[in-house]
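Here is the structure we will look at, set down as C-alpha cells.
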Amino acid sequence: MAENKERLFDQFPEVSYAEWRAKVEADLKGADFNKKLVWRTNEGFDVQPVYRAEDIADFKTTDSLPGQYPYVRGTRTDNDWLTRQDIIAETAEEANKTALDVLTKGVTSLGFKVAAPEDVATLLNGIALDKVEINLTCCPGKVVEVAKALVAAVEAAGAKDTFRGSIDYNPLRRQFRHGVEGVDAAAIAAKACELLDVVAPVPALRCLTVDSDILANAGAFIYQELGYALAWGAQWMTLLTDAGRTAEEVAMRIKFNMCVSSNFFMEIAKFRAARMLWAQIVKQYGADEAAAKMLVNATTSRFNQTIYDAHVNLLRSQTETFSACVAGVDSIVTTPFDTPYKTPDTFSERIARNQQFLLKEESHMDKVVDPAGGSYYVEELTVAIAQEAWKLFLATVDEGGFFACVGDGRVQKAVNDSCAKRHTDVARRKEILLGTNQYPNINEKAADKIESAACKCHCGCGGHEDGPNALVNKRAATDFEELRLATEAAAKRPKVFMLTIGNLAMRLARAQFSTNFFGCAGYEIIDNLGFNTVEEGVDAALAKGADVVVLCSSDDEYAELAPAAYKYLDGRAEFVVAGNPACTDDLKAVGIKDFVHVRCNVLDTLRDFNNRLLNK
C-alpha cells in the first residue's frame, strides 16, 4: 500500500525552486518579492514563504530521535505532559481543599504559593505525593525552610523515590519587579548549596529555577527569553560547580519555567531549540547526557491577554497550549482567561483545564511525539531561533554572566526596550490584539468587572519602591484599555458619525475602517447608508449630537467633498477625513487636520481625541 501511494507522486513533475520563484515573481507583476512575501521577524531573521527538503539537508537537528541527545525532538519517548494548575487561595486550608477538588478533575500537577514553612503540611494534606507533581513558590528568604518542610512531608509519605516536583528558588525577583540594584552571587551560591543539601534525599525534587516567563510576560521577544534562559541556567551551573558541586548534581536540580506566546510555529521551534542548546551547554560542564535533559514547564502568556473581549483570551491560550504540547514540554499551565482583571474563578479555571484535556482526549496530542519534526519550516525555525538565542547567550556570558547583567539592569533594559517596541507595534496595528486594537466590541463595558490587582502573596514583595531597573510589566493591551476606561468614566460618551457619500465601495470600506478605528476608544458609532450631499450629512450628524464627523468617500472625490463638508460643519464638531488622499496637503491648507488611515498611530490619534472630547 505504501509503495502504491508513493507512486502517485510520479504523476506530478518535479518543480525546482527557480521555476517556482519565476512563476511567483510573474504573478507579483513587478512587486518586490522580499517586501511582499518575506517576513522579517522580531527575532532578527527572515522567514521565507516556502521551504524545501534541500533547505534542511545539512541540518544536524534531524539526525536524532525523541529521547536521544541532544533532545531537540524531546527528552521523552512519549508526549504525556502534566496538566498543572496553580492554586490561588487566601489560606493554606482553602488551597488544600481546592487542590483535592481539582485532582478529581484531571489535574496531575499542582502549584502552591507558600507564605510560611509551617503551611506546607497543610497544603499537602491528603495528596498522594507519589502520583502528583508538587511545585512550591515562596520568598527566596524562606526557601530553605520550605524545602525542609517539603522533604519531611515526602519522606513521611514514603515517596522519596517516586516524588516529582520543584521549589522555585528565584533570587532575582526583587531585581526584576522593583529594580533593586546588584546581585550578591556569593550569598546566592551559599544558599543554593544549602538548598541542594536539604533536597538531596529526594532525587526528582528540582530547586534551582530559571523563571524566564517573567521576561516574556514583560514583553521580551522569543529569542530573548530563550537566550536569557540559557544564560540563567548556565549561571547556576558555573556558580555551583565553582562551589564544588558536580555538574550532574546541579543540572538535575534545575527547572525551566518558560512562557509560550501566540506565535505558534516560533514557539514550537523555541522549545525544540531550547532543549538542544541546553543539552550542549550542560555537556560542556562535563555532565553526562542523562543530566543534560531540560525539564520545562510552559505557562501561556499574560502579556497578550486583554480585559476587553476577554473571551478572545481563550483563543490565544488554546493556540499557546497547542504550541507547548506539540513542542513536547513536560508540564503546562493554561492561564485562565479572566486573569487580567480578577482572581480566576471556578468557571475560568475549569475552562483552562479543559483546554488541555481537549488536546489530550479529543485530539490525542499526547499520543504523538514531536509531530513537527521533519517539517521543513519548523526545522528551519528551530535552527534560526537557536542561532539568535545563542548570540544573546554568548553576549550575556561575555558581559559577566546573567546575574551581573541583571544586577546592573542590562537585562531589564533590553526587555523593556522590546516591550516598548511591541507597544508601539500594537499602537500602529503592526501587532494585532483582536477585540482591542482591531475589531473591538464597541458597546462592551469593563470597568465594573475589574477587581483590585493588589499583591496578596503576603511575602512583602509589594513593600519596595520600583527603581529604574525594574521590568515595566505592562500588558500589550494596557494603553488601549486605559483609553476605553477613560471613555467609560467620562460624563458623556463621544459620538462618531460616519458621513458616507459618493463611491459606494470606498465609502463602505472607509466607514468600516473608521468604525474599528474609533471603536478602539469605546466611542459610540453612528453608521449610515449614505447621503446625496455633504450638507445633508452634516445636518444629520448634528441632529444626532455627533462629536466627530468622519467623511467617508473615495480619494478622487475628497478634493471637492472634504472642503465643502468642513466649511459647512464650521467647527460644530470635530471633522475627520477617512483615508490618506493625494490631495491631503490641499485639504490641510483649508484647515482640515485630522486624517485616519492604515499608517496612523491609532493609539496616539485616539489619545488626542480623548483629550479633546472628554475634557469638554
Side-chain angles (χ1 to χ4, degrees), residues 84 86-99 109-127 129-130 132-178 180 183-211 214 236 239-240 243-245 249-250 252-255 257 295 297 403 455-464:
R84 174 172 162 179
D86 290 337
I87 306 301
I88 302 172
E90 292 289 336
T91 67
E93 291 78 10
E94 290 179 12
N96 175 256
K97 181 179 178 181
T98 301
S109 176
L110 294 168
F112 293 105
K113 181 169 283 190
V114 182
E118 53 269 25
D119 289 339
V120 172
T122 303
L123 289 170
L124 303 181
N125 184 37
I127 296 175
L129 300 184
D130 58 337
V132 181
E133 184 187 66
I134 301 296
N135 304 279
L136 303 183
T137 301
C138 64
C139 291
K142 300 176 182 179
V143 67
V144 173
E145 295 305 314
V146 169
K148 289 178 180 178
L150 177 58
V151 170
V154 171
E155 290 179 326
K160 286 194 302 181
D161 296 328
T162 53
F163 176 83
R164 292 179 297 174
S166 68
I167 298 172
D168 190 351
Y169 177 40
N170 176 0
L172 304 177
R173 286 185 190 152
R174 291 198 304 156
Q175 283 78 7
F176 287 139
R177 291 180 179 175
H178 307 293
V180 175
V183 174
D184 190 342
I188 292 172
K191 180 162 287 189
C193 285
E194 185 180 3
L195 191 56
L196 289 175
D197 291 335
V198 170
V199 303
V202 185
L205 175 53
R206 306 266 174 155
C207 59
L208 307 171
T209 55
V210 174
D211 291 336
I214 293 175
W236 280 126
L239 203 63
L240 296 176
R245 304 291 173 149
E249 179 188 10
V250 180
M252 294 294 287
R253 299 294 181 177
I254 296 176
K255 181 171 185 178
N257 293 312
L295 186 70
N297 173 71
F403 285 179
C455 173
K456 297 182 179 180
C457 66
H458 311 298
C459 65
C461 68
H464 302 273

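Because the structure is a prediction, the values reported are computed rather than measured. The figures here come from the full heavy-atom set of this structure, side chains too, leaving out hydrogens, waters and symmetry mates. Residue numbers count from 1 along this sequence.
- Put simply, the side chain of Thr98 does not reach to within 4.5 Å of the side chain of Ile88, judged on heavy atoms.
- Proximity of Asp130 to Asp161: side-chain heavy atoms (C-beta onward) are nowhere separated by under 4.5 Å.
- For the atom pair CD1 of Ile167 and OG1 of Thr137, the computed distance is 10.0 Å after rounding to the nearest 0.5 Å.
- Here the straight-line distance linking atom CZ of Arg253 with atom CG of Leu196 works out to 7.0 Å at 0.5 Å rounding.
- The two atoms that bring Leu239 and Ala189 nearest to each other are CG-CB, 3.7 Å, heavy atoms only.
- Salt bridge annotation for Lys113-Asp119: absent, with no cationic side-chain nitrogen under 4.0 angstrom from a carboxylate oxygen.
- Contact record, Cys138 with Val146: SG-CG2, 3.9 Å, taken as the closest heavy-atom pair.
- The existence of a salt bridge linking Lys142 and Glu145 is excluded, since no basic side-chain nitrogen approaches an acidic carboxylate oxygen closer than 4.0 Å.
- Rounding to the nearest 0.5 Å gives a distance of 12.0 Å between CE of Met252 and SG of Cys207.
- Here the closest heavy-atom approach between residue Ala99 and residue Leu110 is recorded as CB-CD1, 3.8 Å.
- Considering CG of Asp184 and NZ of Lys191, their distance stands at 10.5 Å, rounded to 0.5 Å.
- Between Asn297 and Asn135, every side-chain heavy-atom pair lies at or beyond the 4.5 Å cut-off.
- Here the side chains of Pro140 and Asn170 are not in contact, with every heavy-atom distance at 4.5 Å or above.
- Remark: the Thr209 side chain and the Asn257 side chain contain no N/O donor-acceptor pair separated by less than 3.5 Å.
- The heavy-atom pair separating Glu155 from Pro201 by the smallest distance is OE2-CB, 3.6 Å.
- Looking at Val154 and Leu205, their side chains never come closer than 4.5 Å, going by heavy atoms from C-beta outward.
- Heavy-atom minimum distance, Ala153 versus Leu129: O-CD1, 3.8 Å.
- Residues forming a side chain to side chain donor-acceptor pair (under 3.5 Å) with Arg245 (at least two apart in sequence, or on another chain): Asp197, Glu249.
- Remark: the backbone N or O of Gly165 is not paired with any side-chain donor or acceptor of Arg206 at under 3.5 angstrom.
- For the 3.5 Å distance criterion, the side chains of Asn125 and Asn96 fail to qualify, holding no donor opposite an acceptor.
- Using a 4.5 Å heavy-atom threshold, the side chains of Arg84 and Asp86 count as touching.
- Between the CD1 atom in Ile214 and the CD atom in Gln175 there is a gap of 10.5 Å [rounded to 0.5 Å].
- Proximity of Leu136 to Asp168: side-chain heavy atoms (C-beta onward) are nowhere separated by under 4.5 Å.
- Atom NZ in Lys148 sits 10.5 Å away from atom CG in Leu195 (nearest 0.5 Å).
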Is there a side-chain contact (heavy atoms from CB on, under 4.5 Å) between Val132 and Ser109? Walk through the geometry before answering. CA-CA 6 Å; Val132 181; Ser109 176; 5.7 Å; no
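- Taking every heavy atom of both residues into account, Ala149 and Pro117 meet most closely at CB-O, 3.6 Å.
- Applying the ring pair (Phe, Tyr, Trp, His ring centres under 6.0 Å) test to every pair with at least one member in residues 140-175, sequence neighbours left out, gives these pairs: Tyr169-Trp236.
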